[in-house]
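Remarks on the structure that follows.
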Amino acid sequence: MEEWAPLGVDPTEPSIARVYDYFLGGKNNYEVDRKVAEEALRIAPDAREAGRANRTFLRRAVQHMAAEAGIRQFLDLGSGLPTQGNVHEIAQAVSADARVVYVDNDPIVQAHGRALLAGDDRATFVPGDVRRPAEILDDPEVRARLDFGRPLGLLLVSVLHHVNDDEDPSGVMARFRSVLAPGSRLAIVHFHDPGDEHPEASRIAVEAERSFNQSLGTGRWRTRAEIASYFGDLELIEPGLVPLADWRSEPGDIIRQDLTRYNVLAGVGRKR
């Protein structure tokens, strides 16, 4: 049975955002996305737990930025499909005046994002591709909503590993870091290949990278040094660049991410 799709959305081509949506138990995905996700689950059966850990990290990181660092504006790059605990909900629970700009290049994400934010004058959605930072940073709505002279919470949660090596991820990150005022925070979640330190996790990384590139044309499991370099001269706050589920974990967190524990790293950097 052919699946209906809105104008501009090809239901025969898998989408990164919709694959993640499936992992999180969402319904905004198609058969082609589910096939990619099920192949990932074959390689790493706890991939759904990694997706949940990803959302838990996002909550902790935004709470840190809003409550501890006093940040009141956020730029969420590669935001993905709306789900429970979106950035504006977390930030505005700390301070009602928090402003959030979401950016994604997927048409279905754009449609759902705009619908979610209807009526919220402190959060907006802007179409854009993280691989073209100048277009995002110079966008009139981004400039109208965000003041780059003040501290900013910049979020790249599970997006940089979809920027291929030949698309200059280091240059992309240097451009985004260049607009950060002192006091800003940068949060990154990235696929990780731990190499000989954790051989089984490295085997998963190699197989998953092959699978993702075959189906999605993107996906890089990078080394710790490569991931750390994306923070540039920012100071990593405690506990540093660590496995996703270990970043400021709390007693109530129930995350059973065992096989892929060392396959995803997360960290938050501070601009002095």
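In this text the structure is predicted, and so the values were computed from the model without any measurement.
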From [X] [atom1] over to [Y] [atom2], what is the distance, rounded to the nearest 0.5 angstrom?
X: N105; Y: L77; atom1: CG; atom2: CG; answer: 11.0 Å
X: D168; Y: R175; atom1: CG; atom2: CZ; answer: 13.0 Å
X: D104; Y: D76; atom1: CG; atom2: CG; answer: 8.5 Å
X: H112; Y: L81; atom1: NE2; atom2: CG; answer: 6.0 Å
X: I227; Y: M173; atom1: CD1; atom2: CE; answer: 12.0 Å
X: L244; Y: R55; atom1: CG; atom2: CZ; answer: 12.0 Å

Shortest non-hydrogen contact between [X] and [Y], atoms and distance:
X: S202; Y: G195; answer: CB-O, 3.5 Å
X: T218; Y: V163; answer: OG1-N, 4.3 Å
X: H192; Y: Y262; answer: ND1-O, 2.8 Å
X: T260; Y: A44; answer: CG2-CB, 3.4 Å
X: L156; Y: V130; answer: CD2-CG2, 3.9 Å
X: D121; Y: R145; answer: O-NH1, 2.7 Å

Is there side-chain contact between [X] and [Y], with at least one heavy-atom pair below 4.5 Å?
X: P127; Y: R114; value: yes
X: D21; Y: V19; value: no
X: S15; Y: Y30; value: no
X: I204; Y: I43; value: yes
X: R185; Y: K271; value: no
X: R270; Y: L234; value: no

Mind checking whether [X] and [Y] sit in one hydrophobic cluster, side chains of I, L, V, M, F, W, Y counted as touching below 4.5 Å?
X: L116; Y: L75; value: no
X: F148; Y: V103; value: yes
X: I237; Y: L241; value: no
X: I90; Y: F125; value: yes
X: L137; Y: I188; value: yes

Between the main-chain N or O of [Y] and the side-chain N or O of [X], is there a donor-acceptor pair closer than 3.5 Å?
X: N54; Y: A50; answer: no
X: E89; Y: N86; answer: yes
X: R261; Y: D246; answer: no
X: D193; Y: T223; answer: no

Side chain to side chain donor-acceptor pair (under 3.5 Å) between Y230 and R222, worked out: CA-CA 11 Å; Y230 298 142; R222 294 186 167 101; 3.2 Å; yes
Between [Y] and [X], is the closest basic N to carboxylate O distance under 4.0 Å?
X: E38; Y: R42; answer: no
X: R72; Y: D97; answer: yes
X: R122; Y: D120; answer: no
X: E39; Y: K35; answer: no

Should the ring pair [X] and [Y] be called parallel, tilted or perpendicular, given that the plane angle runs from 0 to 90° and is split at 30 and 60?
X: H64; Y: W247; answer: perpendicular
X: H161; Y: W221; answer: parallel
X: F212; Y: F191; answer: perpendicular

Begin with the C-alpha distance, continue with both residues' side-chain angles, and end with the deciding distance and a verdict on side-chain contact (heavy atoms from CB on, under 4.5 Å) for E141 and T124. CA-CA 9 Å; E141 189 163 8; T124 192; 2.7 Å; yes
Does H88 have its ring centroid less than 6.0 Å away from the ring centroid of Y102?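 Ring-ring flag for H88/Y102: true, centres closer than 6.0 Å.
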For [X], does the [atom1] atom sit with more than 12 other heavy atoms under 6.0 Å from it, leaving out its own atoms?
X: E235; atom1: CD; answer: yes
X: R210; atom1: CZ; answer: yes
X: D166; atom1: CG; answer: yes

Non-neighbouring partners of A187 that pass side-chain contact (heavy atoms from CB on, under 4.5 Å), sequence neighbours left out: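 In terms of side-chain contact (heavy atoms from CB on, under 4.5 Å), with neighbours along the sequence ignored, A187 is linked to F57, A61, M65, L155, V268.
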Checking R203 against E200 for the salt bridge (charged side-chain N to carboxylate O under 4.0 Å, His left out) test, could you report, in this order, the C-alpha distance in whole Å, the side-chain angles of both residues, the deciding distance, and whether it holds? CA-CA 5 Å; R203 180 197 65 77; E200 179 59 18; 2.7 Å; yes
Hey, mind stepping through F74 and L152 against side-chain contact (heavy atoms from CB on, under 4.5 Å) and telling me if it holds? CA-CA 6 Å; F74 298 82; L152 174 73; 5.5 Å; no
Does one side chain, of R220 or N164, offer a donor that lies under 3.5 Å from an acceptor on the other?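 No, no side-chain donor-acceptor pair sits under 3.5 Å.
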Would S211 and Q214 count as having a side-chain donor-acceptor pair, cut-off 3.5 Å?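 S211 vs Q214: no donor-acceptor pair found between side chains.
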